[in-house]
S.K.: 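Dropping the structure in here first, questions after.
Computed from a prediction, not measured in an experiment: that's the story for all the values here.
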Amino acid sequence: MSVSKRSVRAARHTTTLATCLVVVASPVAAETSWMTNVGVGYTDNVVLVQDNEESETLGTVGLNLRFEEETRRLTSNVDIDASYVEYLD
């Protein structure tokens, strides 16, 4: 391999590395938010039947998470809504 081909190849690698560093070092505009919730409820027919209706008190707890990010090549949006219901009676 001649010296000129090595120089060209080294210059290409240096340019590629510099481009990767610029992309990695670019600022990222990401937004995150979260919310919690707690509640109590009541139903007079928990099993949804016409005969032998059963009443129940419910306790709930939940968490909502949101993540948004927009870059030059990618736009992402993630929403998570998790909740737990406990039958108290």
Side-chain angles (χ1 to χ4, degrees):
M1 183 182 292
S2 68
V3 175
S4 62
K5 286 186 179 181
R6 285 185 196 167
S7 299
V8 170
R9 184 171 285 171
R12 279 189 205 152
H13 290 302
T14 304
T15 303
T16 304
L17 179 61
T19 304
C20 291
L21 290 175
V22 168
V23 170
V24 170
S26 298
V28 176
E31 294 182 28
T32 59
S33 62
W34 60 275
M35 179 177 61
T36 60
N37 54 48
V38 177
V40 175
Y42 173 80
T43 181
D44 60 354
N45 190 2
V46 73
V47 288
L48 302 174
V49 295
Q50 292 181 356
D51 299 327
N52 282 340
E53 294 177 351
E54 188 177 329
S55 62
E56 189 79 43
T57 304
L58 310 164
T60 62
V61 66
L63 176 66
N64 299 348
L65 301 171
R66 182 175 184 95
F67 174 81
E68 293 180 355
E69 181 178 15
E70 188 171 334
T71 63
R72 193 178 81 211
R73 294 186 178 188
L74 177 67
T75 300
S76 62
N77 182 357
V78 178
D79 291 316
I80 298 172
D81 185 0
S83 50
Y84 175 75
V85 178
E86 177 74 29
Y87 296 94
L88 302 174
D89 291 338

S.K.: I'd like to know if Ile80 and Phe67 are part of one continuous hydrophobic network [Ile/Leu/Val/Met/Phe/Trp/Tyr, side-chain heavy atoms within less than 4.5 Å].
M.R.: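 As far as the 4.5 Å side-chain criterion goes, Ile80 and Phe67 are connected within one cluster.
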S.K.: With the 4.5 Å side-chain cut-off for hydrophobic clustering, are Tyr87 and Tyr42 part of the same group?
M.R.: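 No, separate clusters.
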S.K.: To the nearest 0.5 angstrom, please state how far the CG atom of Asn45 sits from the CD atom of Glu56.
M.R.: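 Interatomic distance, Asn45 CG to Glu56 CD, rounded to 0.5 Å: 11.5 Å.
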S.K.: Rounded at 0.5 Å granularity, tell me how far CG in Leu65 sits from CE in Met35.
M.R.: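 Answer rounded to 0.5 Å: 10.0 Å.
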S.K.: Establish whether Tyr84 and Val38 are linked, either directly or via other cluster members, by ILVMFWY side-chain heavy-atom contacts under 4.5 Å.
M.R.: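 Yes, one cluster joins them.
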S.K.: Would you say Val49 and Val46 are hydrophobically clustered, going by side-chain heavy atoms of ILVMFWY under 4.5 Å?
M.R.: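 Shared cluster, yes.
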S.K.: Of all heavy-atom pairs between Leu88 and Leu58, which one has the smallest distance, and what is that distance?
M.R.: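 Taking Leu88 first and Leu58 second, the nearest heavy atoms are CD1-C, 4.0 Å.
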S.K.: Using 0.5 Å steps for rounding, measure from the CG atom of Asp79 to the CG atom of Asp81.
M.R.: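 If I round to the nearest 0.5 Å, the distance is 8.5 Å.
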S.K.: Would you give the length of the straight line joining atom OG1 of Thr57 to atom CD of Glu86, rounded to the nearest 0.5 angstrom?
M.R.: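 Spacing of OG1 (Thr57) from CD (Glu86) equals 12.0 Å.
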S.K.: Please give me the minimum heavy-atom distance between Asn77 and Glu68, naming the atom from each residue.
M.R.: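 Closest heavy-atom pair between Asn77 and Glu68: OD1-CG, 3.8 Å.
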S.K.: Other residues, nucleotides and ligands only: do more than 12 of their heavy atoms fall within 6.0 Å of CG on Asn52?
M.R.: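 Incorrect, the count does not exceed 12.
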S.K.: Can you get from Val40 to Val85 by hopping between Ile, Leu, Val, Met, Phe, Trp and Tyr side chains that sit under 4.5 Å apart?
M.R.: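 No: no chain of side-chain contacts under 4.5 Å links Val40 to Val85.
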